[in-house]
Amino acid sequence: MGTLPAMTTSTATRSPVSTVRTGDIQYWSRTLIPTAKDAPADAEAPSHKLLVRGGFIRRLAAGVYDYLPLGHRVLRKVTEIVREEMDRAGASELLLPALCPTELLHETGRADEYGDLLMRFEDRHGRDSYLGPTHEEVITELMRSAVSSYKQLPLNLYQIQTKYRDEFRPRAGLLRGREFLMKDAYSFHMHVEGEGGLNETYDAMYRAYSNVFERCGLNFGAVEAEAGPIGGSASHEFMVFCDTGEDTILRCPETGYAANMEKCEIGERSWSLEGEPSGEAEDVHTPDCPGIEDVSKLLKVKTRNMLKSVVFRVKSTPEELEKYGEEWIVAVVRGDHEVNEGKVKKAAEVGAIELAEPEKARANGFEIGYVSPRANLGKKGVLVVVDPDAAQGLDIEKGKPMFWVTGADKKDYHTKHFCWSRDLGMTIEEATTGSCPALMVADVRNAMAGDPSPKAEGVELEAQRGIEVGHIFKLGTKYSEAMGYTIMGEDQALHPVIMGCYGIGVSRTMASAVEMSHDDNGIVWPLALAPYHVLVTVMKPDDSASMDAAKNVASGLSASGFDVLIDDRFERPGFKFKDADLIGIPIRLTIGDKGLAEGAVEFKLRTDGGKGEFVKFDAVVDRCLEVAGG
RNA sequence: CGGGGUGUAGCGCAGCUUGGUAGCGCGUCUCGUUCGGGACGAGAAGGUCGUAGGUUCAAAUCCUAUCACCCCGACCA
């Protein structure tokens, strides 16, 4: 072995108060970057494969990963950006426990709501504990004991914590793990509108999040979203757009409106139940075919010619049950569409619904698997909601009566030539009018690509895949009320606190950057997230002139704030170049004989092909600054 | 939760059907030749075959249990 590289990792002293950042310098031979040619057999997602191959992460258990030095550096880059933007938006960082007592969750009922997703266990004293998936209860508990006056609000507190979800099936490496790094922030207010109100902080967080992902160099967008199990009113998801994303987003190309599939509204659709029958109603035997697909195959009927009738039960309180009895909602959509529970709930104007249990529904006259829109139509407590695309009496494209196949309301039978105006058992007018109509038409399905935009007439929605990296919610008083957290207001009355909550998946952001930006050779880090900005590849690490040159270049770059990794390993050039591409450092400087003879290095961006161009030693820093945008 | 599958050296795999000395590639170590896009040769180290029982003269191999992990599916009637 030749001369050992110096062990210094920095060439400049740092003042405790200085804000001028000096870049890090590290030697490949002195750190741990275990690259590999093969990815583990179980890795599928590009980010999973490349992060493991590049020596960023290692799997310890299902959905649990070690973050090796390179991976940890990327996490730090993300968290630094997050911190800066959160602090700038007026939030304060704190750190809450990952290990929490389960009794806290009983106050809000989320111990049950989370169910098996909650990582919980009993300690030696038999105390029920859990590892936090989010911290609404913990922070509310803290605030409940620390802040009781309106004078101390508004407040926005955040933490960067390891979080836990006992995923049934962790997958895709960092994208869906059981342990992951998150930033979560919680804000507290006396009111929604105006100065110091929830909306003000929500908007500030929206801007901060946009800044964060912008600075991370990600192709992202904010979309309207369902509030989900955390509850509350308004919410936006921040999505990184890439084809491998798990979520489907719909966007209006005209107005920029974007929403996830569950939330997305659909523009006006014309409908009419009127229309002649397409033929005699005919019951056909369809044994063991409760599903749309099965029937479609058996009868050779397109799914878009079938009516799918899904039975929901209204979740009533015991008093409501006493007063109204069981209430049912039948949602009818076209066979190729998906019922959206949230939209059904909204259309029916009820508090909460759930999919009917088959047993119970059958006992009430719904032959699950073979239900039609006319089942129990007009009976007390039964509402039929039909999606506009299913509420068609006329096949407009073909200009003739619409051909529908629906369940026959008896086991193993379906009805062909169902006709709205003939087969409801009452006239359309009887069904749809009156103070309490038995049948109504409303948007009750998930949006799809090609649906009319809700924001621009004549424009079709487009679908795109994405990875959710951030989510902001207006929680309202859900947690403060459940936990009895009230604050004395200026009016000398107690008010439940109004809350917001704001999360960023830090480790997931790291993975999504790789999903978004890689090629056949490896990762292509955005400059802001790269573990090092510059990789100095030394062709002959045992040549003192080469190493001196590398150190000089590195210290010059460090003084300008660049993080530099020096590949000083005694490996063949090809090997080192392959590794360089794999770990994806944005700028590569190669120090070899040819350049050295002219007092130059070879300068190459990760995104460039070929060997790069010669740049004189004294011009290297400027050249790098140029690329970094100043 | 349903179905399917895999556990053999750090990684990727073969061997198991038909029981009998545990193997290959990559990686690691030594020596030599090489040296600008994952070199070549010679040698070496490294494995209680996931774990626990059982059958057998003999088990990575057959049986049982158990654990771990992976993949697919999962309210659409």
Side-chain angles (χ1 to χ4, degrees), chain A residues 32 34-45 48-49 52-53 55 58-64 115-116 168-173 178 262 286 288-296 303 306-313 330-342 344 353-359 361-362 366-373 375 387 390 406-414 444-446 520-522 537-543 546 567 569-582 588 590-596 602 604 609-612:
Chain A
L32 178 65
T35 56
K37 223 190 302 194
D38 293 318
D42 50 45
E44 293 243 322
H48 188 189
K49 284 186 190 165
V52 172
R53 282 190 54 209
R58 280 273 166 116
R59 200 188 61 105
L60 207 225
V64 180
D116 292 336
F168 175 68
R169 189 151 80 79
R171 61 188 154 208
R178 293 194 299 162
E262 286 74 39
T286 50
D288 298 322
C289 284
I292 288 285
E293 289 298 324
D294 305 323
V295 181
S296 163
T303 53
M306 304 187 55
L307 294 174
K308 187 192 286 188
S309 307
V310 181
V311 182
F312 292 92
R313 196 176 67 86
V330 182
V332 182
V333 300
R334 223 167 63 187
D336 55 332
H337 290 150
E338 292 179 8
V339 172
N340 180 305
E341 198 173 309
V344 172
I353 59 173
E354 63 186 359
L355 208 61
E357 296 158 43
E359 297 299 306
R362 286 203 183 92
F366 295 105
E367 185 52 47
I368 296 299
Y370 308 89
V371 176
S372 86
D387 186 78
T406 178
D409 296 312
K410 54 186 174 187
K411 188 164 164 50
D412 295 337
Y413 283 92
H414 279 79
V444 288
R445 67 168 174 90
N446 286 344
D520 292 345
N521 294 317
T537 303
V538 184
M539 293 285 87
K540 293 183 175 171
D542 50 354
D543 171 54
S546 294
D567 188 354
R569 293 175 300 167
F570 293 91
E571 292 290 351
R572 298 166 59 81
F575 190 93
K576 292 165 85 157
F577 291 143
K578 285 288 184 191
D579 265 356
D581 288 346
L582 216 207
R588 190 183 85 196
T590 307
I591 295 188
D593 288 338
K594 292 167 208 162
L596 230 40
E602 285 159 59
K604 175 186 169 304
K611 289 183 177 178

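All chains are named by letter (A, B, ...) in the order of the sequence lines, taking the proteins before the strands, and each is independently numbered beginning at 1. Just the heavy atoms: all of them, side chains too, but no hydrogens, waters or symmetry mates, feed the values below.
On the C1' atoms, B:G19 is 9 Å away from B:U56, given to the nearest whole Å. For the P atom pair drawn from B:U6 and B:G47, the interatomic distance equals 26 Å after rounding to whole Å. Rounded to whole Å, the C1' atom of B:A74 lies 15 Å from the corresponding atom of B:G4. Of the C1' atoms belonging to B:G15 and B:U33, the separation is 36 Å, rounded to the nearest Å.
Side-chain atoms of A:R53 come within 3.5 Å of backbone atoms of A:K37 as a donor-acceptor pair (strictly under, hydrogens ignored).
Take A:K540 and apply the salt bridge (Lys or Arg N to Asp or Glu O under 4.0 Å) test, not counting sequence neighbours, and it matches A:D593. Considering only residues two or more places apart in sequence or on other chains, A:F312 meets the ring pair (Phe, Tyr, Trp, His ring centres under 6.0 Å) condition with none of them. In this view, A:F575 satisfies the ring pair (Phe, Tyr, Trp, His ring centres under 6.0 Å) rule with no residue, not counting sequence neighbours.
The CZ-P distance, from A:R58 to B:C69, rounds to 18 Å in whole Å. Straight-line distance from the CZ atom of A:F366 to the C1' atom of B:C76: 16 Å, rounded to whole Å.
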Would you list the protein and nucleotides 70-75 of chain B atom pairs, both N or O, that sit under 3.5 Å from each other?
{"unit_1": "B:C72", "atom_1": "OP2", "unit_2": "A:R169", "atom_2": "NH1", "d": "2.8"}
{"unit_1": "B:C72", "atom_1": "OP2", "unit_2": "A:R169", "atom_2": "NH2", "d": "3.3"}

A correct 5'-to-3' footprint of nucleotides 41-46 of chain B, with B, S and - meaning base, sugar-phosphate only and no protein heavy atom under 4.0 Å, is ------
I'd like to compare against my own output: the B/S/- annotation of nucleotides 27-39 of chain B with a strict under-4.0 Å heavy-atom distance to protein.
-------BSBBBB
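Of the inter-residue distances, the one linking A:L582 atom CG with A:T35 atom OG1 reads 6.5 Å to the nearest 0.5 angstrom.
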